[in-house]
Amino acid sequence: MRWNRRELAQLKQLWSEGQSAAQIAGHLECSRNAVCGRLTRLGLTRGHKPPTAKPKIRSVPKRGPTLMAARCDRVRKKLPQKALETRPQEMSKRQLYAILAEAVRNTVRAIGAAISRV
DNA sequence: CCCTGATTCGC
DNA sequence: GCGAATCAGG
């Protein structure tokens, strides 16, 4: 459907008057979905379902068995090749302890400095 | 089940 | 960009 200037004006007008999407769709002789889609694209909303109101995990719409595979491929393409090949280097227990010890020393020093300032 | 608006995604 | 399909809520 082509949305000319006039139809857009009607859309905005009726929507601002509080008409439902279905009613507007009737006036414009198109589907309710078309109206909703256009409104979304225009950034118009009545906050009927605010994003923060009821956060729920949206169930994955099933639109074909290859959907998952396609998405995985899309992600894979964005990753640099090295990220797929190289493995994160393992750290020895000794190295981990060294890091922890340094963190502790830093913390102790920071606290000591703060106390001496009081 | 009916309605509502909101969102996704193939085209 | 469009809208059918589908979502979630009342």
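Order of the sequence lines fixes the chain letters, A, B, ..., with proteins taken first and strands second; residue numbering starts at 1 for each chain. Just so you know, these numbers use all the heavy atoms, side chains as well, and skip hydrogens, waters and symmetry mates.
Within residues 34-44 of chain A, the residues approached by DNA chain B to less than 4.0 Å at the level of any non-hydrogen atom are A/Cys36, A/Thr40, in residue-number order. Sorted by residue number, the members of residues 7-20 of chain A with any non-hydrogen atom under 4.0 Å from DNA chain B read A/Trp15, A/Ser20.
In this structure A/Glu17 satisfies the side-chain contact (heavy atoms from CB on, under 4.5 Å) test together with A/Gln13, A/Leu14, A/Gln19, sequence neighbours excluded. With sequence neighbours excluded, the residues that form a side-chain contact (heavy atoms from CB on, under 4.5 Å) with A/Arg2 are A/Asn4. Partners of A/Thr40 according to the side-chain contact (heavy atoms from CB on, under 4.5 Å) rule, which considers only residues two or more places apart in sequence or in another chain, do not exist here.
Put simply, CD on A/Gln23 is 11 Å from C1' on B/dT4, counting in whole angstrom units. Atom pair A/Ile24:CD1 and C/dG3:P shows a separation of 14 Å (rounding to whole Å applied). Atom CG of A/Asn4 is separated from atom C1' of C/dC2 by 15 Å (rounded to the nearest Å). Computed from coordinates, the A/Glu29 CD to C/dG3 P distance equals 14 Å when rounded to whole Å. As rounded to whole Å, 10 Å separates atom C1' of B/dT4 from atom CZ of A/Arg46. Counting to the nearest Å, the C1' atom of B/dT8 and the CG atom of A/Asn33 are 11 Å from each other.
Under the side chain to side chain donor-acceptor pair (under 3.5 Å) criterion, the residue pairs touching residues 23-33 of chain A are A/Ser20-A/Gln23, with sequence neighbours excluded.
Of all non-hydrogen atoms in A/Arg46 and A/Trp15, the two that sit nearest each other are NH2-O, 2.9 Å. Of all heavy-atom pairs spanning A/Cys30 and A/Val35, the tightest one is SG-CG2, 4.0 Å.
In this structure, A/Arg6 CZ and A/Leu28 CG are separated by 9.0 Å, a value rounded to the nearest 0.5 Å.
The shortest distance between the side-chain N/O atoms of A/Thr45 and the OP1/OP2 oxygens of B/dG5 is not below 4.0 Å.
Counting only heavy atoms from C-beta outward, the side chains of A/Leu8 and A/Arg38 approach each other to under 4.5 Å.
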